[in-house]
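These notes are about the structure you will find just below.
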Number of protein chains: 2
Amino acid sequence: MKKQDRGLALKMGQKSEEVSAILKALAHPQRLLILCHLAQGEKTVGELEQLCSVSQSVTSQFLAKMKTQGLVSSEKRGLHVIYSIEDERVAKLMSSLYDIFCK
Amino acid sequence: MKKQDRGLALKMGQKSEEVSAILKALAHPQRLLILCHLAQGEKTVGELEQLCSVSQSVTSQFLAKMKTQGLVSSEKRGLHVIYSIEDERVAKLMSSLYDIFCK
DNA sequence: TGAGTATATTATAATATTGTAATATGAAAA
DNA sequence: TTTTCATATTACAATATTATAATATACTCA
């Protein structure tokens, strides 16, 4: 094993709880889609429901959990609640996923 | 929404089942660690057990499932079974995760 | 104020994942 | 050929996730 590789494994070991928790949030077809749309800009709950074909309740539950995790943030604007990606690492990850799986 | 962004969302929509299934495989602290070590080169089951502090049974179960998914492959060599990453996209993803979360 | 709209919350059943313990297999060494 | 070592498999209890349906909140507008 090369020196730099040992470093990689070590750092991953320290972070594996945090990183796997984030991956778990993305590890659902419709949550992944929700984040994919949010990666392109803020959206209301209703927009996400339609774009991703997820029920009102599930959309709201998913967003609430991801907000608790600090992955997204929300802002009330009139009747609507607008969500955006809060964790920059999630934004980067979505971009990598696009590069790896969709090009 | 920009044209290129609609493209991104569309492609992600088509792929979201497959991609989220792969993410699910990584979305566990010790499986992530296993893949992190495999990303640095082939390893025996016993090596992975020790490197990741996972029981024999669980290590084997995790590897079996990831093999069924096509993410890793195995080869018997003498007494040992050696695993490696089979899906190049997983290797790329591990590398991206390192860049995003460990730098 | 009252109706309608957008979102959140709760309870719950169905299903999936996780970890443990015990046992099985199969190759190599003694 | 029996033993030992490395890995795989199985059964199962504990826990977590998912989706649905029903209800609640809270804001806006007539």
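A quick note: this is a predicted structure, and the numbers were derived from the prediction, not measured. Below, read A as the first sequence line, B as the second, and so on, with proteins coming before strands; counting in each chain starts at 1.
A salt bridge does not link Glu17(A) to Lys15(A): none of the charged nitrogens lies less than 4.0 Å from a carboxylate oxygen. Arg89(A) has a carboxylate O that lies under 4.0 Å from a charged side-chain N of Glu18(A), or vice versa, which qualifies the two as a salt bridge.
Per the geometry, CD belonging to Gln61(A) stands 9 Å off C1' belonging to dT10(C), to the nearest Å. Atoms CD (Glu47(B)) and P (dA6(D)) sit 11 Å apart, rounded to a whole Å. Between the P atom of dT17(D) and the CE atom of Met66(A) lies a distance of 14 Å, rounded to the nearest Å. Remark: C1' of dA6(D) and NZ of Lys43(B) are 18 Å apart, rounded to the nearest angstrom. Between the CG atom of Leu26(B) and the P atom of dT18(C) there is a distance of 12 Å, given to the nearest Å. In this structure, CD of Glu49(A) is placed 13 Å from P of dT20(D), rounded to the nearest angstrom. In this structure, CD1 of Ile82(B) is placed 14 Å from C1' of dA27(C), rounded to the nearest angstrom. One interatomic measurement links the two molecules: CD of Glu75(B) to P of dA8(D), which rounds to 13 Å at whole-angstrom precision.
Side-chain N or O atoms of Lys43(A) include one that pairs as donor or acceptor with a backbone N or O of Gly41(A) at under 3.5 Å. Looking only at distances, a side-chain donor or acceptor of His28(B) sits under 3.5 Å from a matching main-chain atom of Gln30(B).
Looking at Ser60(B) and Gln56(B), their side chains never bring a donor and an acceptor atom within 3.5 Å of each other. Of the N and O atoms on the side chains of Ser74(B) and Lys67(B), at least one donor lies less than 3.5 Å from an acceptor on the other residue.
The side chain of Leu79(A) sits closest to dA6(C) out of dA8(C), dA6(C), dG19(C). The side chain of Gln30(B) approaches dG19(C) more closely than any other nucleotide in the set dA8(C), dG19(C), dT18(D). Here the side chain of His28(A) is nearest to one of dT17(D), dT18(D), dT17(C), namely dT18(D).
Using a 4.0 Å heavy-atom distance criterion, Arg77(A) is classed as making no nucleic acid contact. Residue contacts for Thr44(A): at a heavy-atom cut-off of 4.0 Å it reaches the sugar-phosphate backbone alone, with no base atom in range. Among the heavy atoms of the strands, none lies under 4.0 Å from Lys67(A). Base engagement by Val58(B) is indicated by at least one non-hydrogen atom pair under 4.0 Å involving a base atom.
Taking side-chain N and O atoms only, Lys24(A) has no distance below 4.0 Å to OP1 or OP2 of dT17(C). Using a 4.0 Å cut-off, some side-chain N or O of Tyr83(B) falls inside it from OP1 or OP2 of dA8(D). Of the side-chain N and O atoms in Arg31(A), one or more sit less than 4.0 angstrom from OP1 or OP2 of dT18(D). The side chain of Lys76(B) places no N or O atom within less than 4.0 Å of a non-bridging phosphate oxygen (OP1 or OP2) of dA6(D). Side-chain N/O atoms of His80(A) include none lying less than 4.0 angstrom from OP1 or OP2 on dT28(D).
DNA chain D is contacted by both Ser74(B) and Gln56(A); Ser74(B) maps to the nucleotide lying nearer its 5′ end (nearest heavy atom per residue). For the pair Leu63(B) and Ser57(A), nearest-nucleotide mapping onto DNA chain D gives the more 5' position to Leu63(B).
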